[in-house]
K.L.:
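Could you have a look at this structure, given as structure tokens, before my questions?
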Amino acid sequence: MASTPEVTLYHADGCHLCERALDQLRALRVELGFELNEVAIDGDPELEARYRELIPVVELDGEPLFTYFVHEEAFRRRLAGAQSRRSEGSL
């Protein structure tokens, strides 16, 4: 298990909701300390089929959290829970 929670954002070029989500997650990463993976779905048929109608899609440790918008307070709660589980597991 990674030492810090892993957040993945699936996004596409020209998606204004994706740009907003990316800005929010980058700011939250500085404040809260998590790994951020940015995955562009453009040109990947499998990712396009899976995510195109839902982007941006945010996952935490592989579990879907949000589509379309990042809800910051809910994100903070879920991230705190993931961080707590990690610290308990390392004892």
Side-chain angles (χ1 to χ4, degrees):
M1 180 179 284
S3 60
T4 59
E6 184 175 309
V7 175
T8 302
L9 172 68
Y10 294 92
H11 63 90
D13 286 338
C15 168
H16 71 281
L17 293 177
C18 298
E19 293 167 8
R20 175 191 278 173
L22 189 53
D23 289 344
Q24 287 177 285
L25 290 172
R26 285 176 176 164
L28 287 164
R29 177 184 56 188
V30 170
E31 178 186 345
L32 303 173
F34 55 86
E35 185 176 332
L36 178 59
N37 298 313
E38 302 171 19
V39 179
I41 68 167
D42 305 291
D44 184 316
E46 183 178 328
L47 293 177
E48 288 268 359
R50 186 178 210 180
Y51 296 111
R52 175 55 69 181
E53 298 300 318
L54 302 172
I55 58 173
V57 174
V58 179
E59 294 181 351
L60 174 59
D61 292 334
E63 294 184 30
L65 281 187
F66 308 113
T67 56
Y68 308 120
F69 300 98
V70 175
H71 302 278
E72 286 192 28
E73 288 308 311
F75 179 83
R76 289 173 188 277
R77 285 191 304 273
R78 293 289 298 271
L79 184 67
Q83 290 170 327
S84 176
R85 285 189 297 280
R86 279 180 167 64
S87 65
E88 290 170 5
S90 66
L91 296 178

K.L.:
A quick test of your reading: do over 12 heavy atoms of other residues, nucleotides or ligands sit less than 6.0 Å from CZ of R50?
P.N.:
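Atom CZ in R50 is not crowded, with 12 or fewer foreign heavy atoms closer than 6.0 Å.
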K.L.:
Taking atom CZ of R29 as the centre, report whether more than 12 heavy atoms of other residues, nucleotides or ligands fall under 6.0 Å from it.
P.N.:
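Atom CZ in R29 is packed in, count exceeds 12.
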K.L.:
Side-chain contact test, heavy atoms from C-beta onward, threshold under 4.5 Å: evaluate it for R20 versus H16 and give yes or no.
P.N.:
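Result no, sub-4.5 Å side-chain heavy-atom pair not found.
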K.L.:
Do the side chains of L60 and P5 get nearer than 4.5 Å, heavy atoms only?
P.N.:
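A side-chain contact exists here, since the closest heavy-atom pair is under 4.5 Å.
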K.L.:
Identify the heavy atoms of E48 and G43 that sit nearest to each other, and give their distance.
P.N.:
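Heavy-atom minimum between the residues: OE2-N, 3.5 Å.
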K.L.:
Would you call E38-R26 a salt bridge at under 4.0 Å N-O?
P.N.:
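So E38 pairs with R26 through a salt bridge.
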K.L.:
Supply the atom-to-atom distance R76 CZ to E31 CD, rounded to the nearest 0.5 angstrom.
P.N.:
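Those atoms lie 4.0 Å apart.
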K.L.:
Without swapping roles, check the side chain of D42 against the backbone of D13 for a donor-acceptor pair under 3.5 Å.
P.N.:
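Flag set: sc D42 to bb D13 pair under 3.5 Å.
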K.L.:
Taking it one step at a time, do L28 and E72 satisfy side chain to side chain contact (heavy atoms under 4.5 Å, CB included)?
P.N.:
CA-CA 8 Å; L28 287 164; E72 286 192 28; 4.1 Å; yes
K.L.:
Please determine whether side chain to side chain contact (heavy atoms under 4.5 Å, CB included) holds for the pair I41 and R52, giving the CA-CA distance in whole Å, both sets of side-chain angles, and the decisive distance to 0.1 Å.
P.N.:
CA-CA 8 Å; I41 68 167; R52 175 55 69 181; 4.1 Å; yes
K.L.:
Working to the nearest 0.5 angstrom, can you tell me the gap between Y10 OH and N37 CG?
P.N.:
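These two atoms lie 8.5 Å from each other.
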K.L.:
To the nearest 0.5 Å, what is the distance between CG (L36) and OG1 (T8)?
P.N.:
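Separation between the atoms: 8.0 Å.
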K.L.:
Mind checking whether R78 and L65 have side chains closer than 4.5 Å, heavy atoms only?
P.N.:
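Side chain of R78 against side chain of L65, heavy atoms only: contact under 4.5 Å found.
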K.L.:
Under a 3.5 Å distance rule, please check whether D61 uses its side chain to pair with a backbone N or O of E6 as donor and acceptor.
P.N.:
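Present.
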K.L.:
Could you give the distance from CZ (F66) to CG (L54), rounded to the nearest 0.5 Å?
P.N.:
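Answer for the CZ-CG pair, F66 versus L54, is 14.5 Å.
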K.L.:
Is L25 close to V58 at the side-chain level, that is, under 4.5 Å between some pair of heavy atoms?
P.N.:
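Touching, per the 4.5 Å side-chain cut-off.
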K.L.:
Quick one: pull up CG in D44 and OH in Y51 and give me the separation to the nearest 0.5 Å.
P.N.:
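Reported to 0.5 Å precision, the distance equals 10.5 Å.
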K.L.:
Rounded to the nearest 0.5 Å, what's the gap from OG1 on T67 to CG on L17? Could you check?
P.N.:
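So the OG1 of T67 and the CG of L17 are separated by 10.0 Å.
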K.L.:
Report yes if the distance between the aromatic ring centroids of F69 and F75 is under 6.0 Å, otherwise no.
P.N.:
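No - the distance between ring centres of F69 and F75 does not fall below the 6.0 Å cut-off.
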